[in-house]
Amino acid sequence: MAVHDEPILADITARRLSGEFDPPCSDAWIALCVRTLCLAAIGQLTEPEGDQAQLTRELAITLGGLVDQPRFTP
């Protein structure tokens, strides 16, 4: 479930409305995925052997994949 007045959800909705992207999933689902990925990444930052730069790159790639992938047709 999306957080009420969540900035992530508002941004996703605005980008969809502007035509910047048109992911096949609902805006609320994408916001939940983004929030969950970010929380997982924050948890990884506490690992002493963690590479913050690598984690940042991987998070950016993963988040980009949520909206850049071609539409999935089941």
Side-chain angles (χ1 to χ4, degrees):
M1 166 163 81
V3 175
H4 180 68
D5 291 333
E6 178 180 38
I8 294 170
L9 179 58
D11 184 64
I12 291 167
T13 301
R15 289 171 187 258
R16 185 189 295 273
L17 291 173
S18 75
E20 185 175 336
F21 65 85
D22 183 25
C25 300
S26 74
D27 295 350
W29 175 253
I30 295 171
L32 175 64
C33 291
V34 169
R35 188 171 61 251
T36 302
L37 283 169
C38 289
L39 290 172
I42 289 167
Q44 290 295 308
L45 289 174
T46 63
E47 296 295 322
E49 66 278 349
D51 180 345
Q52 186 173 1
Q54 179 64 27
L55 179 62
T56 301
R57 284 189 297 276
E58 290 174 357
L59 181 60
I61 290 167
T62 304
L63 291 173
L66 285 172
V67 295
D68 290 338
Q69 298 300 314
R71 284 185 142 328
F72 172 73
T73 306

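Since the model is a prediction, treat every value here as computed from it, not as a measurement.
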Response to the item:
Across all chains, not counting sequence neighbours, the side chain to side chain contact (heavy atoms under 4.5 Å, CB included) partners of E58 are Q54

Worksheet entry | Residue pair R16 / I30: nearest heavy atoms and the distance that separates them | NH2-CD1, 4.3 Å

Response to the item:
Separation between CG (L17) and CD1 (I12), nearest 0.5 Å, reads 12.0 Å

Worksheet item: Any idea which heavy atoms bring L55 and A41 closest together, and the distance?
Response: CD2-O, 3.3 Å

Worksheet item: Hey, any chance I42 and V34 share a hydrophobic cluster, counting ILVMFWY side chains that come within less than 4.5 Å of each other, even indirectly?
Response: no

Item to complete: Enter the distance from I8:CD1 to D11:CG here, rounded to the nearest 0.5 Å.
Response: 8.5 Å

Worksheet item: Hey, is the main chain of R15 close enough, under 3.5 Å, to the side chain of S18 for a donor-acceptor pair?
Response: yes

Worksheet item: Can you name the nearest heavy-atom pair linking T13 to D27, along with the distance?
Response: OG1-OD2, 3.1 Å

Worksheet, complete the sentence: With sequence neighbours left out, the residues meeting side chain to side chain contact (heavy atoms under 4.5 Å, CB included) with S26 are A28, W29

